[in-house]
Amino acid sequence: MPYEPPTHSVERSLRATTGAKIVAGIDEVGRGAWAGPVSVCAAITGLRRPPDGLTDSKLLTPKRRTDLCDVLDEWVTSYALGHSSPEEIDGLGMTAALRLAAVRALEALPVRPDAIILDGKHNYLGAPWRVRTVIKGDQSCIAVAAASVIAKVRRDAMMAELGLAYADFDFAANAGYPSPTHRIALEEYGPTPHHRVSWSYMDALPRWRHLKKVRITPEAAALQAGGQLGFDF
């Protein structure tokens with residue numbers, strides 16, 4: 001299916017309106033997986049012409065993604081990856097885990113960006129970062145598209161390596177997402193140490209439901225301590 005190639009339009013706008021000189025694109029992968037980390041890539045590309053075929057990683061075949069990632073390794077000005085573990089996702093919740101992974105990626109860059117283009121409509125980064133959210137930014141913005149490809153390829157490789165010890169889960173094929181093979185293995189063997197055990201899929205596993213972790217929110221912690229959740233009666 002034909003698609004419009006990404007451009008530097010948003011980056012140029014940020015430079016013109018904010019004075020930013022260094023702009024990073026950010027994208028994440030693994031948000032909806034049942035196992036493995038959530039991974040964020042921050043990529044700085046400058047205003048150069050991108051490699052042919054660059055777009056949202058979800059629009060590319062696995063082979064094309066891998067080949068393009070090899071090109072991007074040399075083409076981007078710089079990039080860095082940040083991850084939040086299943087334990088951190090269980091303990092913090094997804095929004096906070098995403099922010100943690102993104103900050104890790106940003107702080108691993110050789111230079112601090114003046115502004116950030118973040119894929120999606122929700123700014124999970126917040127202060128002190130100067131952020132512009134762009135819906136479908138992984139299709140329309142060159143830096144975000146580059147970040148999406150790198151994040152997807154690198155996380156898929158991580159999951160394939162993790163899967164060597166858990167062949168029945170077929171992580172190399174499903175990257176921790178709920179494929180039929182993954183679901184069958186969960187029912188038979190229960191969650192691995194790489195699973196997010198606070199998630200609702202655990203409720204559908206009668207043999208393993210006792211392993212589900214309940215995340216204690218600040219509100220619940222306040223109740224347990226006898227607090228009033230901040231209400232003033």
Side-chain angles (χ1 to χ4, degrees), residues 10-11 14 22-45 56-58 65 69 76 78-109 112-141 143-159 162 171 174-178 191 193-202 212-221:
V10 176
E11 183 169 343
L14 275 171
I22 301 172
V23 179
I26 282 186
D27 200 16
E28 55 77 22
V29 65
R31 187 192 305 230
W34 287 0
V38 63
S39 301
V40 173
C41 180
I44 299 172
T45 65
D56 173 13
S57 65
K58 295 186 292 295
R65 275 198 303 264
C69 188
V76 297
S78 60
Y79 78 86
L81 290 157
H83 312 279
S84 284
S85 68
E87 293 82 5
E88 289 169 329
I89 295 169
D90 285 335
L92 300 171
M94 182 52 74
T95 299
L98 271 172
R99 185 177 195 279
L100 182 61
V103 169
R104 285 169 174 166
L106 288 165
E107 291 183 342
L109 289 170
R112 182 182 176 94
D114 302 311
I116 293 160
I117 305 171
L118 183 62
D119 181 56
K121 64 180 179 179
H122 174 55
N123 179 9
Y124 56 76
L125 259 175
W129 307 95
R130 179 185 291 167
V131 176
R132 180 172 296 182
T133 57
V134 179
I135 296 173
K136 294 188 177 179
D138 46 12
Q139 294 182 36
S140 61
C141 303
V144 180
S148 79
V149 171
I150 295 170
K152 173 63 174 169
V153 171
R154 296 289 179 252
R155 185 182 181 277
D156 281 0
M158 289 175 59
M159 293 305 298
L162 289 178
F171 288 156
N174 60 51
Y177 286 84
H194 305 294
H195 278 87
R196 305 168 187 182
V197 291
S198 64
W199 284 33
S200 61
Y201 71 83
M202 292 290 293
K212 183 177 180 180
K213 179 177 180 180
V214 178
R215 182 167 63 90
I216 303 298
T217 64
E219 292 81 5

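One-based numbering along the sequence shown.
Between Trp34 and Tyr201, the ring planes are parallel. Angles under 30° get that label, and only those over 60° would be called perpendicular.
Between Leu92 atom CG and Leu100 atom CG the span is 6.5 Å, to the nearest 0.5 Å. If you take CZ on Arg130 and CG on Asp114, they are separated by 7.0 Å, rounding to the nearest 0.5 Å. In this structure, Asp90 CG and His195 NE2 are separated by 11.0 Å, a value rounded to the nearest 0.5 Å. Taken to the nearest 0.5 Å, the CD atom of Glu28 stands 12.5 Å off from the CG atom of Leu81. The line from CZ of Arg154 to OG of Ser39 is 11.5 Å long, rounded to the nearest 0.5 Å. With rounding to the nearest 0.5 angstrom, the CE atom of Met94 is 4.0 Å from the CH2 atom of Trp199.
The shortest non-hydrogen separation linking Leu118 to Tyr124 is CD1-OH, 3.4 Å. Between Ala115 and Leu14, the shortest heavy-atom contact is CB-CD1, 4.2 Å. What you find for Leu109 and Ala42 is that their closest heavy atoms are CD2-O, 3.7 Å. When all heavy atoms are compared, the tightest approach of His194 to Leu162 is CE1-CD2, 3.4 Å. In plain terms, the two heavy atoms of Ile150 and Cys69 that are nearest each other are CA-SG, 4.0 Å. Closest approach of Gly137 to Val144, counting heavy atoms only: O-CB, 3.4 Å.
Side-chain atoms of Tyr177 never come within 3.5 Å of backbone atoms of Ala35 as a donor-acceptor pair (strictly under, hydrogens ignored). Listed for the Arg196 side chain is a donor-acceptor partner under 3.5 Å among the backbone atoms of Pro37. Distance alone, capped at 3.5 Å, is enough to place a donor-acceptor pair between the Arg155 side chain and the Ala175 backbone. Listed for the Ser148 side chain is a donor-acceptor partner under 3.5 Å among the backbone atoms of Ser57. Although no hydrogens or angles enter the test, the distance criterion places no donor-acceptor pair under 3.5 Å between the side chain of Asp27 and the main chain of Ala147.
In this structure the side chain of Thr95 never reaches within 4.5 angstrom of the side chain of Arg99, judged on heavy atoms. Taking 4.5 Å as the limit, some side-chain heavy atom of Leu125 sits within range of a side-chain heavy atom of Leu106.
Arg104 meets the salt bridge (charged side-chain N to carboxylate O under 4.0 Å, His left out) test with Glu88; sequence neighbours excluded. A search for side chain to side chain donor-acceptor pair (under 3.5 Å) contacts involving Asp138 returns Lys58, not counting sequence neighbours.
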When you look at Ile89 and Val38, which way does the side-chain contact (heavy atoms from CB on, under 4.5 Å) test go after all the steps? CA-CA 8 Å; Ile89 295 169; Val38 63; 4.0 Å; yes

Can you list the steps and then say if Asn123 with Trp129 is a side-chain contact (heavy atoms from CB on, under 4.5 Å)? CA-CA 10 Å; Asn123 179 9; Trp129 307 95; over 6 Å; no

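Ile26 pairs with exactly one of Ile117, Ile116, Val131 by the side-chain contact (heavy atoms from CB on, under 4.5 Å) rule, that one being Ile116.
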